[in-house]
Number of protein chains: 2
Amino acid sequence: MDRQRVDVVRHFSRTVTQRVGALDDSFLARDRPLAQSRLLWEIGLAGAEVAVLRTRLDLDAGYLSRLLRALEGAGLVTVGSADGDGRVRTARLTEAGRAEWHLLDRRSDELAWSMLAPLSDGQRDRLIAAMSEVQRLLMASLVTIDTCPPGDARARTCLRAYLGELNERFETGFDLDIDDEPDLVPPAGLFLVATLNTEAVGCGALRFSAGEPAEIKRLWVSRSVRGLGVGRRLLGELERRAAAAGADTVRLDTNGSLTEAIQLYRSAGYHEIPRYNTNPYAHHWFAKRVAGLS
Amino acid sequence: MDRQRVDVVRHFSRTVTQRVGALDDSFLARDRPLAQSRLLWEIGLAGAEVAVLRTRLDLDAGYLSRLLRALEGAGLVTVGSADGDGRVRTARLTEAGRAEWHLLDRRSDELAWSMLAPLSDGQRDRLIAAMSEVQRLLMASLVTIDTCPPGDARARTCLRAYLGELNERFETGFDLDIDDEPDLVPPAGLFLVATLNTEAVGCGALRFSAGEPAEIKRLWVSRSVRGLGVGRRLLGELERRAAAAGADTVRLDTNGSLTEAIQLYRSAGYHEIPRYNTNPYAHHWFAKRVAGLS
DNA sequence: CATGATTGCTGACTTTAGTCAGGTATCGCC
DNA sequence: GGCGATACCTGACTAAAGTCAGCAATCATG
């Protein structure tokens, strides 16, 4: 732990959070409870299903129901059944609710502007750039990596996206059913997913074969978090796990069109090796020594 | 108002504030109410006067008193009379309270570190730099500028600091009583202070003389906010007010040792003019046309 | 030493937030 | 058409947060 850096983060949290955060709540503060305002805000102009609101705001079902009744009572919201499923209910803003939403929207704008207004144009640019940077990097640091069975919903989401992307990028197209996948579970292998806020944003797998190097497969990162180092983290984690499982070396194959991946492998210390399999889609083969990695 | 920039700020507030803010409160969450933890944290190892706590946390006097009783009951805090004023009371942490504070401090460290840990070293550097930048610029945007009578406490703080600094920087020293100051109040002149969070961090004055250009005096910015554009804002505001009062031109004199100030004047469009007064401390004289400034 | 201001404390309240245990309507499915 | 699961609602509760008015001690000042 690095004292100096931690102090900057703590100072940042303290000042920025207190100040911006206080303002950020205050833009919702009207003559009604904060929870009601937040809910109204979250329903939005397009309306929203009650279940979605519940997860987004992380509220107790009963509490949320009561809040909706209160907004209904104030004439700001109507809750009606959705088309398909009669159990699912959808909250929509009334005309008055819509007006209220627009008012909050305007106040939010004003608040944001109040932070920019006193600055010179150059300072505004710098502030905007720094805010984007902080946000991107905090997003990166919220990505967690852990194992997951390859049959899991998150894994399947990743694999579907991965295969779709290969199919789109390979000149020859690509055709493989993800259910053909041999079981990537211990002891034959393992499967990692990278998760951001419950959303799966990346994956990677290892396959072990007795007497041979461990093989890295299915390394993929969602476009939404590309450039945040998630691929490198996945790769590193796969290497560590391969080493922990007793492998001296890991190897992998890749298609020539996946240039970022190839660059990643090279910069992570992989060296090109001769063809070791008959994969018709592979153009390059790489390996790296991982023995002793912790 | 600039749509694109405002959107970045709003997005920043939303994501960063929600996430960092939520964490920031969570580090205080123990088995006691949040308000108590916050109070204990704010009292700190050095102790704090009750009135100071009240303003810092912005709490109702009665509520604060009750919170202190609760912490006292838990054996974490003692509240005793201060030395001088028998009405003023000072809260101090007991041994147990101190231990609790250290625990919170450690948790805050861990939380800060949890944002850095998943990142690469280069990313950490970039995040730290961006956080500092956001904080500095938000601080800059919190500085407000308004008129204030020169006899006011804030004005006198500024003038004292200003004169102290001149005395320190001029080769010949500087000697002037701030009470010698002719009244810088309308219609003869005016006095501006820049304020950050109730702290005076800069000042500037105008003096009007019939038939002559308005004169800028006492432009000063506290070291704590130097480099944030406060001087330039003060100068601009003085020019606008001079123009509003009917002046065509403003002028000023300055000592050769005040190099940043001279640079500021030049870059703000001032041009050097011949000596127009007999100020023994002045080496340079500047003027700028302000007619038509809004 | 009387007076008004300041500082903090106490009691009596209200509102908000949040939890938990049922209950009812609906759906998918055999 | 019966069954378990799903999606939401209602009633009954608790704890925390916050407000307000009045009170007691202390201070500065004439």
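In what follows, chains carry the letters A, B, and so on, assigned in the order in which the sequence lines appear, proteins first and then strands, with residues in each chain numbered from 1.
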### Query
Got a second to check how far B:E237's CD is from B:L234's CG, nearest 0.5 Å?
8.5 Å
### Summary
Rounded to whole Å, the CZ-P distance (A:R32 to C:dA17) equals 12 Å
### Query
How are the rings of A:W101 and A:W41 set relative to one another: parallel (under 30°), tilted (30 to 60°) or perpendicular (over 60°)?
parallel
### Query
OP1 or OP2 of C:dT7 less than 4.0 angstrom from a side-chain nitrogen or oxygen of B:R89, does that happen here?
no
### Task
Enter the distance from B:L116:CG to B:M131:CE here, rounded to the nearest 0.5 Å.
7.0 Å
### Task
Could you tell me the separation between the CZ atom of A:R30 and the P atom of C:dT16, rounded to a whole number of Å?
15 Å
### B:R56 versus B:A48, closest heavy-atom pair with distance
NH2-CB, 4.3 Å
### Query
Quick one: on DNA chain C, does A:G86 or A:R38 contact a more 5' nucleotide (nearest heavy atom)?
A:R38
### Task
For the pair B:F12 and A:F12, name the ring-plane relationship: parallel under 30°, tilted 30 to 60°, perpendicular over 60°.
perpendicular
## Note on the structure
Interatomic distance, OG@B:S81 vs CZ@B:R89, rounded to 0.5 Å, equals 5.0 Å
### Message
Counting only heavy atoms and a strict 4.0 angstrom limit, can you tell me which residues of residues 42-53 of chain B come near DNA chain C?
### Response
B:V50, B:A51
### Message
Using modelled atom types and a 3.5 Å cut-off, is there a donor and acceptor pairing between side-chain atoms of A:S37 and backbone atoms of A:L28?
### Response
yes
### Message
Please report the distance, rounded to the nearest Å, between CZ in B:R54 and C1' in D:dG18.
### Response
15 Å
### Summary
Here the residues of residues 59-72 of chain B within 4.0 Å heavy-atom distance, strictly under, of DNA chain C are B:G62, B:S65, B:R66, B:R69
#### Entry: Interatomic distance where CG belongs to B:D31 and C1' belongs to D:dA16 [whole Å]
15 Å
### Query
Between B:Q36 (CD) and D:dA17 (P), how many Å, whole number?
8 Å
### Query
Is there a donor-acceptor pair under 3.5 Å between the side chain of B:T90 and the backbone N or O of B:E49?
no
### Query
When you look at CG of B:D146, are more than 12 heavy atoms from neighbouring residues, nucleotides or ligands closer to it than 6.0 Å?
yes
### Task
Report the distance from atom CG of A:L34 to atom C1' of C:dG18, rounded to the nearest whole Å.
14 Å
### Message
Quick check for you: among C:dA25, C:dC9, D:dC9, whose closest atom lies nearest to any side-chain atom of A:R87?
### Response
C:dA25
